[in-house]
**Student:** 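The following block contains the structure, expressed as structure tokens.
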Amino acid sequence: MEKTIPELYGSQVFTDRVMRDKLPKDVYRALKKTIEKGTHLELDVANAVALAMKEWAVENGATHYTHWFQPLTGYTAEKHDSFITPTDNGEIIMEFSGKELVKGEPDASSFPSGGIRATFEARGYTAWDPSSPAFIKDGTLYIPTAFCAYTGEALDKKTPLLRSMDALSKEAVQILKLFGKDDVERVTTTVGPEQEYFLIDKEDYAKRRDLIFTGRTLLGAPAPKGQEMDDHYFGALRPRVSAYMHDLDEELWKLGIPVKTKHNEVAPCQHELAPVFDTTNVAVDHNQLTMEVMKKVAEKHGFICLLHEKPFAGINGSGKHNNWSMSTNTGVNLLDPGKTPAENEQFLLFLTAVIKAVDEYADMMRLSVASAGNDHRLGANEAPPAIISIFLGDELTEIVDSIIKDKFFKKSGKVVMETGAAVIPHFTRDTTDRNRTSPFAFTGNKFEFRSLGSSASVATPNIILNTAVADALASFYAKLKSVPKKSFETAVHDLIKETLKKHSRVLFNGNGYTDEWVAEAKKRGLYNLKSTPEVLPKLLDKKNVDLFTKHGIYTETEIRSRYEILLENYTKTLHIEACTLLEMLRQDFMPAAVAYMKQLTDEILGKKAVSKTISTKAEEKALADLSGQFDQLSAKAEKLQKDIAKAEGLADELKKAQFYHDPVFTDMQQIREIADAMEATMPAAVLPYPTYSKMLFYV
Ligand code: ADP
Ligand code: MG
């Protein structure tokens, strides 16, 4: 019998219910305590959990287990070990110990470490993260883990993420105590990432080296139609796509990933999926898993799922919207304005902390979404601009104004607040208006960080956000902790006012796509960091190093290593793209152009042989134009090759990245312009790979 959806949901997950069923009561309680409060787990408890996990996994068809981790590649990594242990009599038993559950020792030498770990100390270790549930996939039990060097430095994205969640919790709990919330023990950040993607035919993909090697098209003239009719956004799902989405939903539900929303996006062949939000580290793990399953299920349906930020020129690329909030273990969303004036006051303090955090660390927010792929989107009038600003919506903006200027806040003409200046105005949740151009928008009870790239892990943006907000809260706590009770409300009000005044420059409700905003932002002193090589060095600025070290998120060594890895990643991406483009030109495109020029020549000669008076004007013009473009293309290809060699010769990693940005990337764009113009005049039959029209409109 088919399973119902509730039966299907989480059926491959070692859920709380499975734990309760399988674990002795005291073990269950000890584990829950570890999960909820982050306390240390004793080995006997780990042994009991491992036994139950193995039993459950084997019952569900698993033969192997793997520690599953998130090295700095941005992908996930796994190494499978079977449960089998040979016995003396030549048989086997299925075993799994607490030690194996808690710690693994993968050979880490081939993961990027940015110089932390020389290869002779290749060993790293993985450590179980009990707060993210284990699951079964393809006959293997997956155990989410953190990944560290033997010297203790984090080699992954999960470790600093967990650290940042702890830092924020600590600071938020302290503040809440000042508001009399003594029952709050932990504040967790929550994340709901909306994921965009493209689906194209597997056969088309297989014919394009650029898609295979780089995930995006490096050449390709635009199709006659793009997204200008707005007919794809929320449009009816075509049956093939719908079948894919249906299958995908089920696979993700089995893994306990609460995907909820799916729809067509703006660009042709572009779609979106969104889960219900979860605790940040679980949401991050789930998003990594989601991306993997999306690709796998696509192949089953004859599709390739493209997660690149800009697979096609001229139409929208893909991003991720990181919905983020903070919530207490008592179930209160701290970014919900609440219903009473007291709740409003607490809300405004947390809101102000976020505003301060984003203004002070806008460079780090931009850095957290920086990649070669995402550089194509930010500031290209389809995604938020590279300038980080905050959209609050009309009502909150009025409230902020009224606080800054000591004015009464009037709601729909009625004076709601009449008790005097040093009191927080009273308001309730507003269904905020939408502003698609803002990188960081308040949407009623959460913020939506919209600058993320579609292919990247959502860990880093949340590490930065958590840490920057933790820092703002820490500074608030320092100012408020010794204030006597009777003046607390006034002190909170003054702190909010003073902070908002100082950071209001980051607030912007207007259209982020305009040139006026770019000019205005410059006047306000906001960052406009356009490319990855431009933003990466900011990571080493003292204020940023201080932020991360102060809150124990990254050590200086860890920061340095991330800087190096990000630079290298940019350089390598551009290197692969440039080499792929050259190969495509020389092995696919230029031979096709030569073949077509030969056709034209034959045509001209053929006609001339028939009769001297038949016109060959059109063919001659086509041939002359194409020959001219071909010469240019050939010269540009040579320049590109030389520039790649020059870039590779640079020893300084930053200079190298900058050189890849300009001139190498500039060369690539110029080449594309010429090749695309040629492609537009060439018959489909001679083109060596599928065109935009074919890829985007025939799925
Ligand atoms: P839209 O497309 O209008 O921005 P969606 O409904 O597609 O909105 O996505 C909103 C996302 O925000 C969902 O993943 C949702 O679960 C998430 N979300 C809602 N409340 C919170 C919260 N408190 N914290 C984090 N994410 C949240
Ligand atoms: Mg959204």
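Remember, it's a predicted structure, so these values are computed and weren't measured experimentally. Remember, it's 1-based here, ligands and their atoms both numbered in the order they're listed.
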**Student:** For F277 together with W324, are the ring centres under 6.0 Å from each other?
**Tutor:** no
**Student:** Just to verify, which of T159, N281, T145 counts as forming a side chain to side chain donor-acceptor pair (under 3.5 Å) with D129?
**Tutor:** N281
**Student:** Report yes if some heavy atom in the side chain of D166 is under 4.5 Å from a heavy atom in the side chain of R186; otherwise report no.
**Tutor:** yes
**Student:** Polar-atom distance check: T190 versus ligand 1, any N or O pair below 3.5 Å?
**Tutor:** yes
**Student:** Output the list of atoms in ligand 1 that are nearer than 4.0 Å to some heavy atom of N333, sorted by atom number.
**Tutor:** 23 (N)
**Student:** Using the side-chain contact (heavy atoms from CB on, under 4.5 Å) rule, pick out the option among K157, M364, R562 that qualifies with T460.
**Tutor:** K157
**Student:** Has H321 got any heavy atom lying under 4.0 angstrom from an atom of ligand 1?
**Tutor:** no
**Student:** Which of the numbered atoms in ligand 1 are below 4.0 angstrom from a heavy atom of S325?
**Tutor:** 22 (C), 23 (N), 24 (N)
**Student:** Does P193 reach ligand 1 with a nitrogen or oxygen that is under 3.5 Å from one of the ligand's nitrogen or oxygen atoms?
**Tutor:** no
**Student:** Looking only at distance, does P275 have an N or O less than 3.5 Å from an N or O of ligand 1?
**Tutor:** yes
**Student:** Just so I know, are the side chains of T279 and M165 near enough to count as touching, which here means a heavy-atom distance under 4.5 Å?
**Tutor:** yes
**Student:** Using a strict 4.0 Å threshold on nitrogen-to-oxygen distance, state whether D201 and R240 make a salt bridge.
**Tutor:** yes
**Student:** For T261, is at least one N or O under 3.5 Å away from an N or O on ligand 1?
**Tutor:** no
**Student:** Of all the atoms in ligand 1, which lie at a distance below 4.0 Å from a heavy atom belonging to V276?
**Tutor:** 16 (O)
**Student:** Relative to ligand 1, is K260 under 4.0 angstrom through side chain, backbone, both or neither, heavy atoms considered?
**Tutor:** neither
**Student:** Closer than 4.0 Å to some heavy atom of E448 - which atoms of ligand 1 meet that?
**Tutor:** 4 (O)
**Student:** Side chains of Q270 and Y197: does their closest heavy-atom pair fall under 4.5 Å?
**Tutor:** no
